[in-house]
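Written below as structure tokens is the structure these notes are about.
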Amino acid sequence: MSSTKGSRPSGRTTINDVAKSAKTGKTSVSRYLNGEHNLLSDRLKLRIEEAITKLNYRPSQVARSLKRGRTRLIGLILADITNPYSIDVMRGIEAACRAHGFTLLMCNTNNQVEQEQHYLQLLSSYQVEGIVVNAVGMREEALSMLQQSRLPMVLIDRKIAGFSCDMIGLNNAEAAIMATNHLVEQNYQSILFLSEPLGLVNTRRDRLMAFKAAMAVHPERAAEHAEVTLEDSQRIDDIVGQFNQKHGDKRRAILVANGSLTLQLARTLRHKNIQWGIDIGLLGFDELPWAELAGVGITTLKQPTYQIGYAALEQLVKRMQGSDEPPADIMFSGELVIRGSTQL
């Protein structure tokens with residue numbers, strides 16, 4: 001088998017191939033690639049340009065970045081890429097990366113703690129310049145590795161116990177109180193707060209505590225509110241059945257702690273022929289694309305997810321540039337989007 005003269009029969013074209021074709025040295029080709037054209041004659045620049053075109057040479061961006069001590073890579077570790085919240089946050093981060101000239105490497109842990117350490121090690125091997133983490137709950141060895149590497153890092157939505165770091169997210173207490181007060185104002189007499197297991201996820205705990213605090217302001221309804229954290233052995237339809245059985249004679253509503261659980265609950269209510277906005281009130285955290293299309297529409301607590309993602313990357317860039325300000329919690333306010341599921 002023959003090959004075109006000047007090209008390699010197999011493998012990637014190298015800078016040596018370009019230099020040989022242009023009848024010059026590697027140093028001159030490197031200067032051309034790095035934009036140092038003022039150090040080269042016009043004839044030499046033309047020969048190098050023709051050699052690059054003829055050989056279809058593509059320099060390794062990773063190798064060039066490592067040589068300069070910069071990779072321009074940002075790592076992102078998400079707890080659950082299937083969650084609409086995560087997708088919108090990632091959009092914000094990616095947009096900020098483009099604005100600052102970075103490339104994003106995304107890893108999804110599927111809410112598995114052990115995957116976080118794996119991806120931290122993987123991203124470190126790629127020599128990312130910083131990491132944004134939507135954490136599940138890092139273990140001691142992963143935290144130790146981060147502290148030793150001194151790699152700039154920003155958390156989104158969830159804090160890590162015992163780890164001092166910038167955190168960008170929703171003002172959960174404010175949002176949960178806003179949502180609870182709306183249900184009280186709509187004259188719901190029995191309110192159920194439904195969450196997945198609290199575990200190490202501080203956002204779920206913060207929302208639950210704020211719900212309790214908001215209900216405590218209304219002592220006349222203190223005995224009529226409840227909270228349930230959904231364990232693996234429990235089914236949502238059982239919880240809904242128990243809630244209806246106990247409070248069936250009251251005007252009742254369910255406040256759901258996140259978007260994924262809201263979707264599960266909406267399906268259960270449909271299967272049971274329970275109509276939100278008529279038979280029961282329904283309010284869920286996170287604005288979902290289908291919320292306004294679901295029958296009379298589902299009231300949601302909308303998070304500024306895109307802005308949260310963008311702000312997280314901006315804060316990370318500050319840390320990468322050497323900012324030594326104390327770690328900050330940067331909180332965004334949510335927006336209550338009222339629809340038929342909670343209206344009188």
Side-chain angles (χ1 to χ4, degrees), residues 70-109 116 119-120 123 128-138 146 150-161 163-179 201-207 210 257-260 285-289 300-337:
R70 299 286 306 275
T71 64
R72 308 299 294 178
L73 297 176
I74 297 294
L76 170 62
I77 299 178
L78 288 175
D80 181 10
I81 191 59
T82 65
N83 192 323
Y85 171 92
S86 301
I87 296 172
D88 252 6
V89 164
M90 183 171 63
R91 285 181 55 246
I93 295 172
E94 200 274 332
C97 278
R98 287 201 309 272
H100 288 277
F102 290 98
T103 298
L104 187 66
L105 300 180
M106 193 281 293
C107 303
N108 175 39
T109 69
E116 286 182 342
Y119 283 130
L120 282 171
L123 290 173
V128 296
E129 296 187 36
I131 299 180
V132 180
V133 177
N134 174 225
V136 178
M138 292 186 180
L146 275 176
R150 303 182 68 83
L151 190 66
M153 176 175 167
V154 169
L155 302 177
I156 283 185
D157 186 48
R158 303 174 180 178
K159 297 180 181 180
I160 300 175
F163 188 70
S164 181
C165 185
D166 295 311
M167 199 283 291
I168 319 294
L170 179 72
N171 186 329
N172 287 290
E174 176 189 75
I177 290 172
M178 184 192 310
V201 184
N202 68 285
T203 54
R204 297 172 189 170
R205 193 176 303 277
D206 291 346
R207 291 170 189 178
N258 62 47
S260 296
F285 270 79
D286 299 333
E287 173 71 349
L288 301 169
T300 60
L301 198 293
K302 182 179 180 180
Q303 299 193 50
T305 44
Y306 182 92
Q307 292 88 336
I308 288 172
Y310 203 103
L313 195 281
E314 296 260 89
Q315 184 67 12
L316 183 64
V317 169
K318 290 181 183 178
R319 294 301 181 189
M320 289 160 51
Q321 292 172 344
S323 172
D324 59 357
E325 296 178 356
D329 287 354
I330 301 175
M331 299 297 187
F332 286 77
S333 293
E335 175 190 356
L336 189 64
V337 181

- Nearest non-hydrogen partners of Leu73 and Phe102, listed with the distance: N-CD2, 4.2 Å
- Partners meeting side chain to side chain donor-acceptor pair (under 3.5 Å) with Thr82 (sequence neighbours left out): Asp80
- Message: As an exercise, state the distance from CD of Gln303 to CG of Asn258, rounded to the nearest 0.5 Å.
- Response: 9.5 Å
- Message: For the CD1 atom of Ile93 and the CD1 atom of Ile74, what is their distance to the nearest 0.5 Å?
- Response: 10.0 Å
- Note on the structure: Applying side chain to side chain donor-acceptor pair (under 3.5 Å) to Glu287 and not counting sequence neighbours gives Thr300, Arg339
- Which is it for Glu314 and His100 under the side chain to side chain contact (heavy atoms under 4.5 Å, CB included) test, yes or no, and what are the steps along the way? CA-CA 9 Å; Glu314 296 260 89; His100 288 277; 2.4 Å; yes
- Backbone N/O of Leu151 and side chain of Arg319: donor-acceptor pair under 3.5 Å: no
- Note on the structure: Those residues at least two apart in sequence (or on a different chain) that pass side-chain contact (heavy atoms from CB on, under 4.5 Å) with Met90 are Leu76, Leu78, Ile81, Leu104, Met106
- Query: Do the side chain of Glu129 and the main chain of Arg72 share a donor and acceptor less than 3.5 angstrom apart?
  - Reply: yes
- Query: Is the backbone N or O of Ala257 less than 3.5 Å from a side-chain atom of Arg204, with the two atoms forming a donor-acceptor pair by type?
  - Reply: no
- Message: Using 0.5 Å steps for rounding, measure from the NZ atom of Lys302 to the CG atom of Leu170.
- Response: 13.0 Å
- Message: Using 0.5 Å steps for rounding, measure from the OH atom of Tyr85 to the OG1 atom of Thr203.
- Response: 8.0 Å
- Task: Output all residues satisfying side-chain contact (heavy atoms from CB on, under 4.5 Å) with Gln321, sequence neighbours left out; order by chain, then residue number.
- Result: Val317
- Sequence-distant partners of Asp157, salt bridge (Lys or Arg N to Asp or Glu O under 4.0 Å), two or more places apart: none
- Shortest non-hydrogen pair, Leu301 vs Gly334, comes out as CD1-CA, 4.0 Å
- Only pairs at least two apart or in different chains count here, so list each salt bridge (charged side-chain N to carboxylate O under 4.0 Å, His left out) that has a residue in residues 88-98. Asp88-Arg91, Glu94-Arg98
- Item | Heavy-atom check, side chain of Asn134 versus side chain of Val89, under 4.5 Å | no
- Under the side-chain contact (heavy atoms from CB on, under 4.5 Å) test, residues paired with Ile177 that sit two or more places apart: Asn181, Ala210, Ala214
- Task: With sequence neighbours excluded, tell me which residues meet side-chain contact (heavy atoms from CB on, under 4.5 Å) with Ala312.
- Result: Val132, Val154, Ile156, Ile168
- Query: Looking only at heavy atoms, which two atoms of Ala99 and Tyr310 are closest? And how far apart?
  - Reply: CB-OH, 3.6 Å
- From Met331 atom CE to Ile308 atom CD1, the distance as rounded to the nearest 0.5 Å: 9.5 Å
List, one per line, each side-chain donor-acceptor pair under 3.5 Å for residues 323-330, sequence neighbours excluded.
unit_1 : atom_1 : unit_2 : atom_2 : d
Asp329 : OD2    : Lys159 : NZ     : 2.9

- Task: Might you point out which heavy atoms bring Phe285 and Ala175 nearest each other, and give the distance in Å?
- Result: CE2-CB, 3.9 Å
- Considering residues at least two apart in sequence or located in another chain, which fulfil the side chain to side chain donor-acceptor pair (under 3.5 Å) criterion with Asp206? Asn202
- Just wondering, do Ile77 and Met153 contact through their side chains at under 4.5 Å, heavy atoms? no
- Does Gln307 have any side chain to side chain donor-acceptor pair (under 3.5 Å) partners at least two apart in sequence or in another chain, and if so, which? none
- Shortest non-hydrogen contact between Leu288 and Pro84, atoms and distance: CD2-CG, 3.6 Å
- Query: If you take all heavy atoms of Leu123 and Gly75, which pair is closest and at what distance?
  - Reply: CD1-CA, 3.8 Å
